[in-house]
Amino acid sequence: MNKVQILVIEDDEPVRNLITTTLKARDYHYIAADSGSSGIMMAASKNPDIILLDLGLPDMDGVEVIERIRSWTNTPIIVISARSEDSDKIAALDAGADDYLTKPFSVEELLARLRATQRRLAFMQPENERPAVFCNGNLKIDYSAGCVFMGEEELHLTPIEYKLLCVLSQNMGKVLTHRYLLENVWGSSWENDVASLRVFMATLRKKLERGTGGPRYIQTHIGIGYRMLKVE
Ligand code: CA
């Protein structure tokens with residue numbers, strides 16, 4: 001029995017039924033809301049583990065729903081929306097969404113995103129309980145010593161590359177927007193400089209993925225940002 005409870009916020013009944021039928025078939029518990037305000041209320045009263053959210057809701061915009069929910073909880077929010085513009089995805093991710101799926105979506109993809117989010121949930125811990133060493137595949141980061149290893153080999157990263165890697169690893173599975181990375185790596189002096197972020201990301205990847213024949217640890221979302229993938 002899958003003990004994870006999912007809150008579905010979607011006003012379109014056929015889509016809502018498709019999602020809830022899919023969840024039921026996989027033994028997820030679910031609750032459903034057909035408006036932004038009732039979704040926010042359920043998020044507060046039922047404390048779900050994961051929220052699936054449509055952006056085009058009758059009473060308020062989904063981005064506002066994300067902002068309201070984020071004011072009190074970090075519960076993962078996966079956006080499922082017909083809006084496919086990068087700017088819409090960025091607005092949702094910047095507001096605090098964890099991932100997005102564009103309609104029409106496949107049921108298999110929805111389930112895969114849910115599994116990825118569940119793995120992330122298992123990894124998420126309060127900052128003070130975070131292990132001092134992060135492991136993902138052959139990648140090992142010793143946060144206390146500030147060292148990075150790929151297998152047995154120590155990687156020599158610049159301070160910026162190291163900080164980028166730390167932010168990505170501490171948000172494994174989550175899509176981080178350019179803006180989020182710039183703010184969290186460069187801090188207050190960030191000047192919307194996506195071009196230099198790309199350069200640092202390229203050199204970091206080269207060091208991480210040397211000889212592995214393709215992007216494994218870091219996934220690019222063109223025009224949006226990056227995410228660290230869990231490597232089995
Ligand atoms: Ca809708």
Side-chain angles (χ1 to χ4, degrees), residues 2-121 124 171 173-180 219-227 229:
N2 209 324
K3 293 210 178 74
V4 175
Q5 176 167 258
I6 319 266
L7 167 60
V8 182
I9 307 175
E10 167 67 81
D11 62 315
D12 185 339
E13 200 179 346
V15 178
R16 195 172 63 237
N17 287 343
L18 170 66
I19 296 172
T20 55
T21 306
T22 302
L23 295 176
K24 201 171 173 186
R26 298 300 170 111
D27 282 339
Y28 283 101
H29 293 295
Y30 68 86
I31 42 180
D34 60 4
S35 70
S37 52
S38 59
I40 291 168
M41 231 153 65
M42 279 190 190
S45 61
K46 306 281 185 187
N47 199 19
D49 298 292
I50 299 174
I51 297 168
L52 300 178
L53 173 70
D54 177 31
L55 292 183
L57 295 165
D59 55 339
M60 67 175 83
D61 194 88
V63 173
E64 192 186 335
V65 176
I66 299 169
E67 285 165 352
R68 300 263 292 268
I69 290 175
R70 276 292 167 266
S71 68
W72 83 84
T73 178
N74 283 324
T75 304
I77 299 174
I78 303 175
V79 165
I80 305 180
S81 175
R83 299 181 195 167
S84 59
E85 295 293 322
D86 285 352
S87 56
D88 294 314
K89 293 174 184 170
I90 290 168
L93 292 166
D94 274 342
D98 292 75
D99 202 353
Y100 59 82
L101 258 175
T102 306
K103 290 177 186 169
F105 59 93
S106 83
V107 160
E108 286 310 314
E109 189 176 6
L110 170 62
L111 290 168
R113 300 294 178 94
L114 279 174
R115 288 193 297 273
T117 303
Q118 282 177 262
R119 286 198 294 271
R120 198 168 99 70
L121 271 178
M124 267 173 29
N171 293 280
K174 178 168 174 161
V175 180
L176 302 178
T177 60
H178 296 140
R179 180 175 155 189
Y180 183 92
Q219 183 183 53
T220 303
H221 289 246
I222 295 168
I224 294 168
Y226 302 90
R227 104 162 103 194
L229 299 174

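Counting starts at 1 for both ligands and their atoms, in listed order. Hydrogens, waters and symmetry mates play no part in the numbers below; they use all other heavy atoms, side chains included. No experiment lies behind these values; they were computed from the predicted model shown.
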Which of the N/O/S atoms in Asp54 sits closest to the Ca ion (ligand 1)?
-> OD2
Taking both backbone and side chain into account, is any N, O or S atom of Gly56 nearer than 3.0 Å to the Ca ion (ligand 1)?
-> yes
Counting backbone and side chain alike, does Asp11 bring an N/O/S atom below 3.0 Å of the Ca ion (ligand 1)?
->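 Yes, since at least one N, O or S atom of Asp11 sits under 3.0 Å from the Ca ion (ligand 1).
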Does Asp49 come within less than 4.0 Å of Lys3, counting only side-chain N to carboxylate O?
->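 Looking at Lys3 together with Asp49, the answer is no, because their closest N to O distance does not fall below 4.0 Å.
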Taking the side chain as C-beta and beyond, is there a heavy-atom pair between Leu114 and Arg26 under 4.5 Å?
->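 No, side chains not in contact.
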Hey, is NZ on Lys46 packed in by over 12 heavy atoms from elsewhere, all under 6.0 Å?
->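 Open.
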Answer yes or no: does atom CE of Met60 have more than 12 heavy-atom neighbours from other residues, nucleotides or ligands under 6.0 Å?
->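 More than 12 heavy atoms, drawn from other residues, nucleotides or ligands, come within 6.0 Å of this atom.
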